[in-house]
Asker: 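One structure coming up, written as structure tokens, with questions to follow.
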Protein chains: 2
Amino acid sequence: MKPVKQRRAPAERPQEILNAALAQFVETGFAGTRLDDVARRAGLSKAAIYLYFDDKLSLFQGVIRQAITANLMTVETMLAAHRGPVAELLPRILEFMAGRIEDTPMASIAKLVIAESRAFPEIGQFYLKEVIGRGLPLLEGLIARGIKQGEFRKVDPAMTVRSLIGAMLLAGLWRTVFEPIGAEKLDVRAMARHHADLMLHALRPAPGA
Amino acid sequence: MKPVKQRRAPAERPQEILNAALAQFVETGFAGTRLDDVARRAGLSKAAIYLYFDDKLSLFQGVIRQAITANLMTVETMLAAHRGPVAELLPRILEFMAGRIEDTPMASIAKLVIAESRAFPEIGQFYLKEVIGRGLPLLEGLIARGIKQGEFRKVDPAMTVRSLIGAMLLAGLWRTVFEPIGAEKLDVRAMARHHADLMLHALRPAPGA
DNA sequence: TATAACTAACTTACCAGTCAGTTAGTTGTA
DNA sequence: TACAACTAACTGACTGGTAAGTTAGTTATA
């Protein structure tokens, strides 16, 4: 007697496959991921994947695309909403990022992009355009505003943003690259707070100004 | 009439293979690298590689091992030698790193490690132990010294070092990941200088202290 | 000529992508 | 309501290409 196979809603199939693929790509990278594994994770056969995606690369692009766009709008609205002093917003942004790093696969996605963008430039270009190209100007504007409002001393906003982001990049890579292979745990939120403190001190106008 | 093949000194063969492999791994990653390509680059047949290395992974490890150890002792002696104020040394260290990022494959190696350490934990662990495990304490000691000498305010040295390094990590990844796919050039040395300026301001003792 | 250095050609394993066939469920008709 | 005709969703088994690793034999030099 065969078990009755309950057919699931096919509308959810692409999403189920994307979820399974995200998990697998994060674990084993692009080349190391077998579509059979993705299929097993999603509770399907490999052939079924090809009903929803053209090929392995399309699936990969779908995974990246979705993971990126999911994380994006939140920051933008967050910044747009705030009107008070920039010095208050900066720590909040860093803490927000820390939360994303600790609680979502954002950092794993970034790692994946870093790892595979040489082989698949479209992936890297997409990330460059959609994440970096949108995020950096936003933060640069924020720094510039702080300078104009007299909260910060005169610094190069573009460079400053990179100093701001660098620490969080390091935190994200620490979590996804080194912790899984035995490195001691890094408290990302604590680091975000500490980094915010450093940055605010770094940007304080000169005492004699 | 065949051209006379002048046989080269076999003692140099492992190094030649390592060089060829480094170039190839940097270009195409671990999985994407064919030993036939490495062989052609080194002016040999694939089979000859197996006379000097056990397998592809050993070769990869050899490449990483060599590239890492080459870059390490310099920093250590540099720090050990210096006895003056830490505030002078900090910018020099960042500039040194910037030089390495711009002029050596160090950043590409780091990228490779990031990309492949999930699949080959030994690689990541080696890097963790030999580079991070030696570099971080060195820098932490430096910050701690600056605090003790009254040059810096009281901050957590471990966290501070991560803020210090983060920006250079970002710079290195920018160069190796995003510039090759069309991102605008980043002046790593200028960024090192700017970051040093920020960090020194961030560490300045409170005005009323 | 002995042997170290080397190679061409091969074997093996793997996996993306395909396809003929199956099963679960729906629709049309009486 | 019954059941035949149909379709969407899916699968197992296969193919073709690729590349790691091996081996039997060749070439250069002491």
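The chains referred to below are lettered A, B, ... by the order of the sequence lines, with proteins before strands, and numbering in each begins at 1. Given the structure is predicted, the values throughout are model-derived calculations rather than measurements.
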Asker: Shorter than 3.5 Å, N or O on both sides, protein versus nucleotides 17-19 of chain D: list them out with atom names.
Answerer:
| from | atom 1 | to | atom 2 | distance (Å) |
| --- | --- | --- | --- | --- |
| D:dA19 | OP2 | B:Arg34 | NH1 | 3.4 |

Asker: Once you round it to whole Å, what is the distance between P of C:dA16 and CG of A:Asp54?
Answerer: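 Computing the A:Asp54:CG to C:dA16:P distance gives 16 Å.
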Asker: Would you kindly give the CG-to-C1' distance between A:Leu44 and D:dT11, to the nearest whole Å?
Answerer: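 After rounding, the gap between these two atoms is 10 Å.
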Asker: In terms of side-chain geometry, is the basic nitrogen of B:Glu102 or B:Arg175 positioned less than 4.0 Å from the acidic oxygen of its partner?
Answerer: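 Looking at B:Arg175 together with B:Glu102, the answer is yes, because their closest N to O distance falls below 4.0 Å.
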Asker: Find the distance B:Ile49:CD1 to C:dA5:C1' and express it as a whole number of Å.
Answerer: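 Checked: the CD1 to C1' distance equals 14 Å.
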Asker: May I have the distance from A:Gln24 (atom CD) to C:dA16 (atom C1'), rounded to whole angstrom?
Answerer: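 Checked: the CD to C1' distance equals 15 Å.
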Asker: Fit a plane to each ring of B:Phe60 and B:Phe25, take the angle between them on a 0 to 90° scale, and name the class: parallel (under 30°), tilted (30 to 60°) or perpendicular (over 60°).
Answerer: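 Perpendicular, since the angle between the ring planes exceeds 60°.
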Asker: Name the residue closer to the 5' end of DNA chain C, choosing between A:Phe30 and A:Ala47 according to the nucleotide with the nearest heavy atom.
Answerer: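 Going by which nucleotide is closer to the 5' end, it is A:Phe30.
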Asker: Drop me the distance from A:Thr160's OG1 to B:His194's NE2, to the nearest 0.5 angstrom.
Answerer: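 Going from OG1 on A:Thr160 over to NE2 on B:His194, the span is 3.5 Å.
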Asker: Quick one, B:Ser108 with B:Thr176, criterion side chain to side chain donor-acceptor pair (under 3.5 Å). Give me CA distance, side-chain angles, the key distance, then yes/no.
Answerer: CA-CA 6 Å; B:Ser108 296; B:Thr176 56; 5.4 Å; no
Asker: Rounding to an integer number of Å, can you tell me how far A:Phe60 CZ sits from C:dA16 C1'?
Answerer: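 It is 16 Å, rounded to the nearest whole Å.
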Asker: Just the rounded figure in Å: distance from P of D:dC14 to OH of A:Tyr50.
Answerer: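 Answer to the nearest Å: 19 Å.
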Asker: Flag the pair B:Arg162 and B:Asp156 as a salt bridge only when some basic side-chain nitrogen lies within less than 4.0 angstrom of an acidic carboxylate oxygen.
Answerer: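 No, no charged N to carboxylate O under 4.0 Å.
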Asker: D:dT22 P sits how many Å from B:Leu51 CG, rounded?
Answerer: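 In whole Å, D:dT22 P lies 12 Å from B:Leu51 CG.
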Asker: If I take atom CD1 in residue B:Ile17 and atom C1' in nucleotide C:dA5, what distance separates them, rounded to the nearest angstrom?
Answerer: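 That distance rounds to 11 Å.
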Asker: Using the rule side chain to side chain contact (heavy atoms under 4.5 Å, CB included), only one of A:Val38, A:Leu44, A:Asp55 pairs with A:Ile49; which is it?
Answerer: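 Of the listed residues A:Val38, A:Leu44, A:Asp55, the side chain to side chain contact (heavy atoms under 4.5 Å, CB included) partner of A:Ile49 is A:Val38.
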